[in-house]
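Only one structure is covered here, and it is reproduced in the block below.
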Amino acid sequence: MIAFNDVTKRYPGGHEALKHVSFKLPAGEMAFLTGHSGAGKSTLLKLIVVIERATQGQVVVNEQNLTRLPRRKLPRFRRQIGVVFQDHKLLPEQTVFENVALPLVVSGYSPKDTPRRVRAALDKVGLLGKEAMFPLMLSGGEQQRVGIARAVVTRPSILLADEPTGNVDAAMSDDIMDLFRLFNQVGTTVLVATHELRHIERLGKPVLCLDDGYLVDRPADQWID
Amino acid sequence: MMGIWWTARRTSGLINYLKNNFRVFVRSTAQLTRPAGGAIMTVVAIGITLALPALLYVVTDNIDQLGRNWETRAQVNLFLVKNVENPAALQARLQSLKEIDRIDAVSPDQGLSDFKKYSGFARASDLLDANPLPWTLVVHFTREHSNIEAVQRFIDRAAQLPEVDNVRSDVLWLKRLTAVVEIGHRLVWVLAILLGLAVVVIISNTVRLAILSRTHEIEVIKLIGGTDRFIRRPFLYQGFVQGALGAVTAVLLTTICIEALREPITGLVGEYGSGYRLVGLSWTNAGVLFALGSGLGWVASRWSVGRHLKDIEP
Ligand SMILES: Nc1ncnc2c1ncn2[C@@H]1O[C@H](COP(=O)(O)OP(=O)(O)OP(=O)(O)O)[C@@H](O)[C@H]1O
Ligand SMILES: [Mg+2]
């Protein structure tokens, strides 16, 4: 469950990236987050993982009020959330296997289960057999899928993605979105920020549309060229 | 190549906890051998830095030993006035003092022939018309009274005697030696503190660089829920191991220096007639140095990690 209650985010310098945003995404639901460039999509996702904190209002995730979450509780909180970044954030010096296994290592999972879990995650994103390769040896789409495998390897209750189809072709883009729908079908709460209306129409999921920091209750297509 | 955090495992139970730490420890140590890290240079720099006070300590210690060696057989020479023909009476009087073990009387003739034999001025002394030397009493102290205070007291009293012209003793030399040892001891402390600080600076700086070179990794690990403890561990071990290896290097360097000096110093000291043996760094002191190096390494990396890790926020 993700709930925003009258959330405003003002960056140092005074720019308000989010203005009085309120919404609720129930557990197990999937939604798209859309809006023009600079509308505040990434900012909204950053508030959910506490990369940034709300200036006003409350963000509640899985019954935890993030406004009051102390710093030392962040690591345990973040383990409930899988995040797919637009720039992948893979570790270039580590193999695909090691990259995907990292959340397991960090969270202290049993090392005995690690290979099985990593292979299961890689299998879902269609990268089985590339465990020993390094991220830079992979295509952009493959790197993105390694990022997805890493995000889901611990079976988090929430999955966030920021422009996950940013630099892949249409077919790959569809595959990736289908993956998110698949994770949602097994009970994961999914929130995907995207520019591409095509996916929104194809998957028919609810849409949160941002315009200059305001959450607007209108059809998404009016707000994107 | 695997990351330094890779080896961490689930931490349930003490044995597993220790196993984990050992794995990360080994991994962090292995990272030190990466040529890019310049870590070997750091270890050598720490070694040299720690070797300086250690070497000074050993030198001071040796001078101190030398002084003690002297004290076990203190000796004072009394040169009598020229007109004393027979020193037996004075010799008997002094002999009764409790601090005196034995007194040898050296006649002017004996003195001159000794002078010829040992001084190398044999020919020059042939030019003399008469023997210029007086009777000399060589006073040997008992072992228990062979200390600066007792010898000084005796010298002061002997100088008052009418038969005594001049008193010569090593005691002044020994006093200076003691002062030098005292200065040496303090210098060791001052150097140890200053260079200890230098070691802290060196190690905290390499740890800072190591953290900076892993900023991206640290950010990603924080984003996927890695705790500060988890992130900190390999850097702490790195500082600890660098300090410890630096200390081992320092022990080696000190030992090499002492061994290189052994022959000339033994030769030099040997001329003063003692069977003196140069002492090197003892096992205890090597242990102290090791503890100091690894302790400083640990403190330095803790400090550095504490300062720089919190700056890295995803
Ligand atoms: N760290 C920051 N400091 C100051 N301003 C920021 C910061 N991050 C974002 N902003 C500003 O906040 C606004 C929203 O940024 P955000 O990244 O959330 O937009 P976005 O909807 O994700 O855009 P895009 O589609 O281009 O990724 C922008 O005007 C941006 O300049
Ligand atoms: Mg963005």
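Here is how names work: the chains are called A, B, and so on, in the same order as the sequence lines, proteins then strands, and each is numbered from 1.
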Side chain, backbone, both or neither of [X] within contact of chain B (heavy atoms, under 4.5 Å):
{"X": "A:Phe77", "result": "neither"}
{"X": "A:Pro92", "result": "side chain"}
{"X": "A:Leu74", "result": "neither"}

field: Partners meeting side chain to side chain donor-acceptor pair (under 3.5 Å) with B:Ser294 (sequence neighbours left out)
entry: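 Testing B:Ser294 for side chain to side chain donor-acceptor pair (under 3.5 Å), a comparison that skips the adjacent residues, returns none.
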
query: Do you see a donor-acceptor pair shorter than 3.5 Å between the side chains of A:Tyr11 and A:Thr43?
result: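 A:Tyr11 vs A:Thr43: donor-acceptor pair found between side chains.
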
- prompt: Under 3.5 Å, is there a donor-acceptor pair linking the side chains of A:Asn62 and A:Gln80?
  reply: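 A donor-acceptor contact under 3.5 Å links the two side chains.
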
message: Using 30° and 60° as the class boundaries, would you call the ring planes of B:His185 and B:Tyr57 parallel, tilted or perpendicular?
response: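 If you compare the ring of B:His185 with that of B:Tyr57, the planes turn out tilted.
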
- prompt: chain B: which of A:Leu91, A:Leu90, A:Val50 shares the most heavy-atom pairs with it under 4.5 Å?
  reply: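 Top option by heavy-atom pairs under 4.5 Å: A:Leu91.
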
task: Select, from A:Lys46, A:Arg71, A:Arg150, the one with the greatest count of heavy-atom pairs under 4.5 Å involving chain B.
output: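 Between A:Lys46, A:Arg71, A:Arg150, the count favours A:Arg71.
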
message: Under 4.0 Å between a side-chain nitrogen and a carboxylate oxygen: does that hold for B:Asp228 and A:Arg72?
response: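 Here B:Asp228 does not pair with A:Arg72 in a salt bridge, since their nearest N and O are not under 4.0 Å apart.
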
